J.: 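Here it is: the structure, laid out below.
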Amino acid sequence: MTVQAIKLPLLRMPYPVRVNPYLPALREEAETWAREMSMLDGDEAPSPHRAIWTLSQFHAMAVDQLTAWALPDASLADLRLNHRFNLWALAWDDYFASAFKRTGDLTGAQAFTARLHAFLPTEPGARLPAPANAVERGMADLQQRLFPPRMAHWRQGLNRALARYIDAGVQELANSRAGRVPDLIEYAQFRRESFAAYTAPYSVELSTGARIPEQIRHSRVFRALLDAFMDYMGMANDIASYQREIHDEHDVNNLVIVLQTSLRSTVQEAMQAAADLVTARLRHFEHLTRSELPPVVRRARLNHGERIDLEAWLRGASSFLSGLHAWYTRAPRYAPAHGPFKEQRTPTAVAPAGERYVSASSGLITSTHA
């Protein structure tokens, strides 16, 4: 079966998509920052030494739409910051694929990654090297913006998550060069790193202004909830990006390939198994939120304000997942104009901008009495 003949299964998404009302403002400035960071070329023919995207490639990514879908309640300032962060993550991904994955240049990838670590300090005010390319320039700029005073408590955590993200790219390249398909159990953890999923809880926290209460952050139940939250993102992406990764990048770091190898199945059977696994992780997220988290909240004796924060964070996490799902099924980056991939798509319900909806957690945390 050829790559083009694979049919994408429909993925379950119980949370409606809402659109941040500041989306038009993002659209107006979408190109500005990318050009300032030298990520975007002015012409259709990209410059191999400087820009990462042509204008048509940039618009096909629909990063402004992704940000507005994933963070519907964020203020304009926080939405703009997350938008630039999303742009940077995709810039790193596409640059790394073009410069190192497609050429097999492991030595160059290691040197590039080692240097990029210098742009991820753990302390504010640290001196950064002079940026030598668009990826470094973008991260240097974000380091000046990503840590407003109210979020200073997660500077170290976010930069550690980013370090895991860029390091995972080197491991992906090493796997591809060796033709080594990861083991399924190993891959589940690895995919959280290679998708930058460890940064997502911080994005939700920034966009909602709600902190995960420290009394439950490290509990078994909440760690399991975060794992399920992060697993959905990367595993669903593996289904949406299968054709691009396998056909264009000759990658082996994809859940469909991992399952095909583990189960000794056809690609189509592995694709369905991947969809079943993605759905199982989403159902586990819902189960933990509804059934196992409330007793943890009671035992932790969270006060009313902490419970309100937790509710807000969980609503934000639900919106984050629905926004990613919408992006995977609608953006030209994942939805080609021709072929069976497009034929398998179905629209997702959209709630009007600013409208509240009932999340998986609604009422279960705030109504629980200590």
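Counting begins at 1 with the first residue of the sequence. Just so you know, these numbers come straight off a predicted model, no measurement behind them.
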J.: Does a side-chain heavy-atom distance below 4.5 Å link Met37 with Thr32?
T.: no

J.: Rounded to the nearest 0.5 Å, what's the gap from OG1 on Thr329 to CG on Leu10? Could you check?
T.: 9.5 Å

J.: Scan side-chain atoms only and decide if Tyr187 and Asp238 contain a donor-acceptor pair under the 3.5 Å cut-off.
T.: yes

J.: Decide, yes or no, whether a salt bridge links Glu286 with Arg12 under the criterion of side-chain N to carboxylate O below 4.0 Å.
T.: yes

J.: Answer yes or no on whether Arg281 is positioned over the face of Tyr232, meaning its NZ or CZ is under 6.0 Å from the six-membered ring centre and within 45° of the axis.
T.: no

J.: Are the side chain of Ser291 and the backbone N or O of Leu288 linked by a donor-acceptor pair below 3.5 Å?
T.: no

J.: Go through it in stages, so that I can follow the logic: the residues are Val252 and Arg180, the test is side chain to side chain contact (heavy atoms under 4.5 Å, CB included), and I'd like the CA-CA distance, side-chain angles, deciding distance and then a yes or no.
T.: CA-CA 7 Å; Val252 298; Arg180 176 184 176 273; 5.8 Å; no

J.: Could you tell me which residues satisfy salt bridge (charged side-chain N to carboxylate O under 4.0 Å, His left out) with Arg127, sequence neighbours excluded, listed by chain and number?
T.: none

J.: Just checking, any donor-acceptor pair under 3.5 angstrom between side chains of His59 and Glu31?
T.: yes

J.: Could you tell me whether the side chain of Arg220 reaches within less than 4.5 Å of the side chain of Glu292, counting heavy atoms only?
T.: yes

J.: Testing the 3.5 Å rule here: is there a donor-acceptor pair between the side chains of Asp167 and His117?
T.: yes

J.: What distance separates Leu106 CG from Gln171 CD, expressed to the nearest 0.5 Å?
T.: 9.0 Å

J.: Output, in order, the C-alpha distance, side-chain angles, deciding distance and verdict of side chain to side chain contact (heavy atoms under 4.5 Å, CB included) for Ser176 and Asn253.
T.: CA-CA 7 Å; Ser176 294; Asn253 304 280; 3.5 Å; yes

J.: Mark yes or no for whether Trp53, through its side chain, and Met39, through its backbone, hold a donor-acceptor pair below 3.5 Å.
T.: no

J.: Grab the two heavy atoms, one from Ile239 and one from Pro9, that are nearest each other, plus how far apart they are.
T.: CG2-CD, 4.2 Å

J.: Is it the case that the side chains of Glu306 and Gln215 hold a donor-acceptor pair, with the cut-off being a distance below 3.5 Å and no angle test?
T.: yes

J.: I would like to know whether Ile246 and Gln243 meet side chain to side chain contact (heavy atoms under 4.5 Å, CB included); could you show each step before the answer?
T.: CA-CA 5 Å; Ile246 305 308; Gln243 177 168 306; over 6 Å; no

J.: Got a second to check how far Leu321's CG is from His325's NE2, nearest 0.5 Å?
T.: 10.5 Å

J.: Could you tell me which non-hydrogen atom of Leu184 sits nearest to which non-hydrogen atom of Val258, and how far apart they are?
T.: CA-CG1, 3.6 Å

J.: Mind checking the CG-CD spacing from Asp251 to Glu245? Nearest 0.5 Å is all I need.
T.: 5.5 Å

J.: Centres of the Phe112 and Phe100 rings: under 6.0 Å?
T.: yes

J.: Looking at Thr54, is its backbone amide N or carbonyl O close enough to the side chain of Gln57 to form a donor-acceptor pair, meaning the two atoms are under 3.5 Å apart?
T.: yes

J.: Any heavy-atom pair between the side chains of Arg137 and Glu36 that's under 4.5 Å?
T.: no

J.: Taking all non-hydrogen atoms of both residues, which atom of Met271 and which atom of Val256 are closest, and how far apart?
T.: SD-CG2, 3.8 Å

J.: So do Ser265 and Leu259 actually touch side chain to side chain, heavy atoms under 4.5 Å?
T.: no

J.: Taking NZ, NE, NH1 and NH2 as the nitrogens, is one of them in Arg333 or Asp94 under 4.0 Å from a carboxylate oxygen of the other?
T.: yes

J.: Here's one to test your reading of the geometry: is the NZ or CZ of Arg330 within 45 degrees of the ring axis of Trp69 and under 6.0 Å from its centre?
T.: yes

J.: Using atom types as modelled and distance alone, determine if a side-chain donor or acceptor of Ser322 lies under 3.5 Å from a backbone N or O of Ser319.
T.: yes

J.: If you round to the nearest 0.5 Å, how far is CG of Asp93 from CD1 of Ile166?
T.: 13.0 Å

J.: What I want to find out is whether Arg191 reaches Asp231 closely enough, with some N-O distance under 4.0 Å, to be called a salt bridge.
T.: no

J.: Identify whether the distance between the nearest side-chain nitrogen and carboxylate oxygen of Arg211 and Asp309 falls below 4.0 Å.
T.: no

J.: Are any side-chain N or O atoms of Glu136 and backbone N or O atoms of Leu116, one a donor and one an acceptor, separated by less than 3.5 Å?
T.: no

J.: Taking all non-hydrogen atoms of both residues into account, name the closest pair between His284 and Ala228 and its distance.
T.: CD2-CB, 4.3 Å

J.: Looking at side-chain heavy atoms only, is the closest gap between Ile52 and Phe58 below 4.5 Å?
T.: no

J.: Measure centre to centre between the rings of Phe222 and Trp313, then say whether the value is under 6.0 Å.
T.: yes

J.: Might you point out which heavy atoms bring Phe119 and Pro129 nearest each other, and give the distance in Å?
T.: CE2-O, 3.4 Å

J.: Check whether any side-chain N or O of Thr113 sits under 3.5 Å from a backbone N or O of Gln110 as a donor-acceptor pair, and report yes or no.
T.: no

J.: Please walk me through it: do Arg145 and Asp141 pass salt bridge (Lys or Arg N to Asp or Glu O under 4.0 Å)?
T.: CA-CA 7 Å; Arg145 305 172 187 270; Asp141 184 77; 2.6 Å; yes

J.: Minimum heavy-atom separation for Phe285 to Ala317, with atom names?
T.: CZ-CB, 4.2 Å

J.: So does Ala74 get a backbone contact from the side chain of Asn20, meaning a donor-acceptor N/O pair under 3.5 Å?
T.: yes

J.: With side chains defined as the heavy atoms from C-beta onward, is the minimum distance between Gln156 and Arg160 less than 4.5 Å?
T.: yes

J.: Go through Asn82 and Ser203 one step at a time and tell me if the side-chain hydrogen bond (donor to acceptor under 3.5 Å, both in side chains) criterion holds.
T.: CA-CA 7 Å; Asn82 274 280; Ser203 290; 3.2 Å; yes

J.: Looking only at the side chains, is there a donor atom on one of Asn159 and Gln143 sitting less than 3.5 Å from an acceptor on the other?
T.: yes

J.: I would like to know whether Leu282 and Phe229 meet side chain to side chain contact (heavy atoms under 4.5 Å, CB included); could you show each step before the answer?
T.: CA-CA 7 Å; Leu282 181 59; Phe229 170 65; over 6 Å; no

J.: Surrounding OH of Tyr165 (heavy atoms of other residues, nucleotides or ligands, distance under 6.0 Å), is the total greater than 12?
T.: yes

J.: Hey, mind stepping through Glu269 and Thr266 against side-chain hydrogen bond (donor to acceptor under 3.5 Å, both in side chains) and telling me if it holds?
T.: CA-CA 5 Å; Glu269 289 169 340; Thr266 66; 3.3 Å; yes

J.: Can you confirm whether Asn254 sits close enough to Ile257 that some side-chain heavy atom of one is under 4.5 Å from a side-chain heavy atom of the other?
T.: yes

J.: Can a donor-acceptor pair be found, under 3.5 Å and without considering hydrogens, that links the side chain of Arg18 to the backbone of Pro72?
T.: no

J.: Does one side chain, of Thr208 or Arg315, offer a donor that lies under 3.5 Å from an acceptor on the other?
T.: no

J.: To the nearest 0.5 angstrom, please state how far the CZ atom of Arg84 sits from the OG1 atom of Thr67.
T.: 11.5 Å

J.: With a 4.5 Å cut-off on side-chain heavy atoms, are Trp33 and Leu142 touching?
T.: yes

